[in-house]
Every structure is written in structure tokens, then in C-alpha cells.
Amino acid sequence: QVQLVESGGGLVQPGGSLRLSCAASGSIFSINAMGWYRQAPGKQREWVAVITNGGTTNYADSVKGRFTISRDNAKNTVYLQMNSLKFEDTAVYLCQAWISGGSEYWGQGTQVTVSS
């Protein structure tokens, strides 16, 4: 099994930046890819970004050019650097790991609030 713990959320003004972290533990050798989702009240859960074991990244159109997903294999950690934040970026951000064989694991989420 895999455990995921997100951190780094908080309150930020429009135009500001935050860096989220997702630390993985457990059977990390089985992870094929990791990504970030977000969910705001009253809205569907939205995929944000993904990074594969090979280092390929992809982003939702709503965050492309502003957010960057990266990883530090030595620390078993994936990051989401969020720049030029907007009100509509306010959400709970969740880390997901896709496991070989089709299983998936989720972190508990970290709140990001963009407000003036």
C-alpha cells in the first residue's frame, strides 16, 4: 500500500504563489504516476496535473503556464508549484498515486484559498 500526505496549502492573495508537497511512503516502487486534483465546494473534482515515472508532465488548460508539477525521487515527494494564483484556484488540492495493476491512492487534501 501507499500513503500520501499533502502539505503547503494556505491563504494567498491573487497573483501570489504557493508550493504544495505530496510525500509518498509505503510500496512506492509500485507507483506508475502521480498527480494533483482539486475540488471546490459545489464543483466536480478537477484533474490538475500529472507526472509519470518517466518524467512526462501534463496539465489542465486552466492551470497551464501557471502551475508546474515536479518530483524529488530522493525524498519520495511530488510538488505542485502554483504561480499567478486566481480566485478560481481556491479548492482542496489532493494528491493521487496510480499503482501498477490499476489501484489508486489518495492523500487527505490540503486547502488553498486565494483571497484579497
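Computed from a predicted structure; not experimentally measured.
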Ring pair (Phe, Tyr, Trp, His ring centres under 6.0 Å) contacts in which one or both residues fall within residues 84-116, not counting sequence neighbours: Tyr37-Trp106

Test item: Arg66 and Met82 side chains (from C-beta on) under 4.5 Å apart, heavy atoms: no

Within-4.5 Å side-chain heavy-atom neighbours: Thr90 and Gln111: yes

Sidechain-backbone polar pair: Asn53 side chain, Ile31 backbone, donor-acceptor under 3.5 Å: yes

Residues Ser62 and Glu46: side-chain donor-acceptor under 3.5 angstrom: yes

Asp89 and Lys86 ion-paired at < 4.0 Å: no

Between Ser17 and Asn83, a side-chain donor and acceptor under 3.5 Å: yes

Side-chain touch Val78/Ile69, heavy atoms, less than 4.5 angstrom: yes

Pairwise side-chain contact, Ser27 with Gln1, heavy-atom cut-off 4.5 Å (strictly under): no

Side-chain heavy atoms of Val63 within contact of Arg38, under 4.5 Å: yes

Lys64 atom NZ, over 12 foreign heavy atoms within 6.0 Å: yes

No-hydrogen, no-angle side-chain donor-acceptor test under 3.5 Å, Ser25 and Gln3: yes

Path from Val50 to Trp36 over hydrophobic side-chain contacts below 4.5 Å: no

Listed once per pair and sorted, the salt bridge (charged side-chain N to carboxylate O under 4.0 Å, His left out) pairs that draw on residues 1-10, sequence neighbours left out: none

Hydrophobic cluster of Tyr79, others only, ordered by chain and residue number, side-chain cut-off 4.5 Å: none

Common cluster, Val2/Val5, ILVMFWY with side-chain heavy-atom separation under 4.5 Å: no

Side-chain heavy atoms of Leu94 within contact of Gln96, under 4.5 Å: no

